Amino acid sequence: MQSRNKGLLLAFISSVLYGTIPLLGKAFVHNFHPLFVALVVTAVVDLYFAGIVLWRKDLFNNFIRKEIVWVVLLGIFAATGSIFAFFGLFVSHATNAGFFFQFETFFAAILAFFFLKEKLLQSQIRGLMFMLVGAYIFATSLFYSFEIGNLFFLCSAFVWGINDIIAKNKIKYFSPFFLAFGRNFFSLVVLFPIAIRYVPENLQKLEIQDIFYFLLYGLVVAGLILFLYIAFRYIKTAEATSYQLLSPIITAVIALFIFGERLSIMQIAGGAIILIGLYLMAKKQTKIL
């Protein structure tokens with residue numbers, strides 16, 4: 001498989017996992033404090049990554065490299081993004097999150113242009129615009145009114161866009177496994193003193209099925225981060241993150257099979273526009289804008 005095709009496939013797998021996040025996240029926020037959820041999910045994800053990097057024996061050597069300061073920043077931004085996201089889910093709707101999280105792709109593309117000098121093909125720019133319009137149509141047939149939750153979602157998307165740029169730039173210094181572990185390790189360091197006060201009261205509400213769902217949620221988050229970081233090795237930032245614009249479709253398909261929720265005509269139309277945009281993003285051209 002060619003390197004670019006491999007990167008696109010990994011980005012697609014990441015987007016499939018990404019599409020489950022609003023549904024799982026909304027369920028958790030209903031039962032637990034957002035900061036407790038962010039802390040526990042981050043800890044679970046880090047346990048998965050710790051097992052991988054210990055097995056690969058590239059943990060301790062990477063901690064003493066001077067580039068580690070960028071991994072620390074990854075953790076700080078990841079923690080900040082999680083806080084914004086879970087508070088947004090606490091006061092707003094999962095459907096809104098599914099749309100506004102997509103702005104991560106646009107923030108990442110703009111930042112990559114200025115800081116990484118990544119240029120996009122004309123077809124890719126058109127593809128991004130198609131996908132954004134499609135995501136908007138898919139998510140709602142009307143419009144999003146201004147809500148504080150939507151502002152949280154946008155802030156989260158911007159912070160995660162910064163994270164994408166740092167990860168893309170530093171993937172040459174670290175393995176994607178250590179980069180993902182370091183991001184979550186330092187994110188946990190940031191979240192712990194902020195969220196520790198909510199741990200006792202939320203632990204009292206924790207049941208066996210909640211532990212299973214936390215482990216599942218953590219596995220999904222670990223997978224989407226890892227696949228995205230590996231994809232950064234093969235394709236541009238905007239190409240890798242653009243697949244996340246498929247997540248509204250993926251979320252709706254999962255909801256269809258699990259909850260029996262039907263797609264409206266507007267959602268079908270929006271999904272078709274997203275797929276057109278994805279085709280424009282993925283196809284090869286030689287002329288660069």
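Since the structure is predicted, the reported quantities are computational estimates derived from the model, not experimental observations. All values below come from the heavy atoms of this structure, side chains included, with hydrogens, waters and symmetry mates left out.
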Could you report the tightest heavy-atom contact between L179 and A167, atom names first, then the distance? CD2-O, 3.6 Å
Check the pair Y217, V221 against side-chain contact (heavy atoms from CB on, under 4.5 Å), reporting the backbone distance first and the verdict last. CA-CA 6 Å; Y217 190 98; V221 173; 3.6 Å; yes
Any chance you could measure M131, atom CE, to F106, atom CZ, to the nearest 0.5 Å? 8.0 Å
Taking side chain as C-beta onward, heavy atoms only, is R126 less than 4.5 Å from Q122? yes
Least distance between heavy atoms, V71 atom then R183 atom: CG1-N, 3.8 Å
Expected output: side-chain D164 to main-chain E104 donor-acceptor under 3.5 Å: no
Verify, without hydrogens or angle tests, whether D46 (side chain) and A43 (backbone) share a donor-acceptor contact under 3.5 angstrom. no
Grouping I, L, V, M, F, W and Y whenever their side-chain heavy atoms are under 4.5 Å apart, do V69 and Y229 come out in a common cluster? yes
Any chain of hydrophobic side-chain contacts (each under 4.5 Å) joining L47 to L203? no
Pairwise side-chain contact, L246 with L275, heavy-atom cut-off 4.5 Å (strictly under): yes
For I225 against A180, the heavy-atom pair lying closest together: CG2-CB, 3.9 Å
Heavy-atom neighbours of Y198 OH exceed 12 at 6.0 Å: yes
Aromatic rings F87 and H33: how do their planes relate, parallel, tilted or perpendicular, breaks at 30° and 60°? perpendicular
If you group Ile, Leu, Val, Met, Phe, Trp and Tyr by side-chain heavy-atom gaps below 4.5 Å, do L219 and F185 land in one group? yes
Could you report the tightest heavy-atom contact between A231 and A240, atom names first, then the distance? CB-CB, 4.4 Å
Closest approach of L228 and S14, non-hydrogen atoms and distance? CB-OG, 3.7 Å
Taking the side chain as every heavy atom from C-beta outward, state whether Y234 and I230 have any atom pair closer than 4.5 Å. yes
Can any side-chain N or O of K170 pair as donor or acceptor with the backbone N or O of I68 at less than 3.5 Å? no
Can you tell me how far CD1 of I13 sits from CG of L8, rounded to the nearest 0.5 angstrom? 11.5 Å
Side chains of Y48 and N184 in contact at under 4.5 Å (non-hydrogen atoms): no
Any side-chain heavy atom of I83 sitting closer than 4.5 Å to one from I194? yes
Return the CD1 to OG1 distance between I162 and T80, rounded to the nearest 0.5 Å. 9.0 Å
E239 CD to R4 CZ distance, which is reported to the nearest 0.5 Å: 4.5 Å
Can any side-chain N or O of S15 pair as donor or acceptor with the backbone N or O of Q244 at less than 3.5 Å? no
F130 atom CZ, neighbour heavy-atom count above 12 within 6.0 Å: no
How long is the gap from CG on L111 to OG1 on T237, to the nearest 0.5 Å? 9.5 Å
What are the two closest heavy atoms between I235 and A11, and how far apart are they? CD1-CB, 4.3 Å
Do F214 and V37 come close enough that some side-chain heavy atom pair is under 4.5 Å? yes
Would you say that F103 contacts L154 through its side chain, given a criterion of any heavy-atom pair below 4.5 Å between the two side chains? yes
Roughly how far, to the nearest 0.5 Å, is the OG atom of S242 from the CZ atom of F12? 12.0 Å
Indicate yes or no for a side-chain donor-acceptor contact from T42 to the backbone of L188 under 3.5 Å, with no hydrogens or angles considered. no
Tell me if the aromatic rings of F227 and Y243 count as close, with their centers under 6.0 Å from one another. no
Side-chain heavy atoms of T241 within contact of W160, under 4.5 Å: no
Flag yes if F77 and F114 sit in one hydrophobic cluster, no otherwise; membership is Ile, Leu, Val, Met, Phe, Trp, Tyr, and two members link when side-chain heavy atoms are under 4.5 Å apart. yes
